[in-house]
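What follows is a set of notes on a single structure, which appears directly below.
What you are looking at is a predicted structure, and each value in this text was computed from that prediction instead of being measured.
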Amino acid sequence: MCVGLPAKVMTMKDGMAVVDASGAKREVSAQLLEDLEPGDYVMVHAGMAIAKITEDSEEETEDLLEELL
């Protein structure tokens, strides 16, 4: 099973995004998504932002992950 993590985009530069995933900041590729801006929420998998999500989706995903762990 592959797991994507929800994260908030903090900054964008040259096709890369710095994201915050539950307090952990990391740089990921944002080349798969258009019109991504700081403040947007994304699903991150294998170092890539793979989908734009809503803040509600991000909170729901975090709740589910906490239940699993």
**OP:** Give, for atom NZ of Lys52 and atom CD of Glu37, the distance between the pair rounded to the nearest 0.5 Å.
**Re:** 6.5 Å
Original post:
Which atom names give the shortest non-hydrogen contact between Val28 and Ala49, and what distance separates them?
Top reply: CG2-N, 4.3 Å
Subject >> Interatomic spacing from NZ in Lys8 to CG in Asp20 - rounded to 0.5 Å >> reply: 8.0 Å
Original post:
What's the spacing between Asp14 CG and Gln31 CD if we round to 0.5 Å?
Top reply: 9.5 Å
**OP:** Tell me whether Val9 is reachable from Leu33 by hopping between hydrophobic residues (I, L, V, M, F, W, Y) whose side-chain heavy atoms are closer than 4.5 Å.
**Re:** yes
Subject >> Heavy-atom pair of closest approach, residues Met12 and Leu36 >> reply: CG-O, 3.8 Å
Subject >> Among Glu27, Lys25, Arg26, side chain to side chain contact (heavy atoms under 4.5 Å, CB included) partner for Val19 >> reply: Arg26
Original post:
Same cluster for Tyr41 and Val18 if Ile/Leu/Val/Met/Phe/Trp/Tyr side chains link at under 4.5 Å?
Top reply: no
Original post:
Side-chain contact, heavy-atom cut-off 4.5 Å: Ser29 with Met16?
Top reply: yes
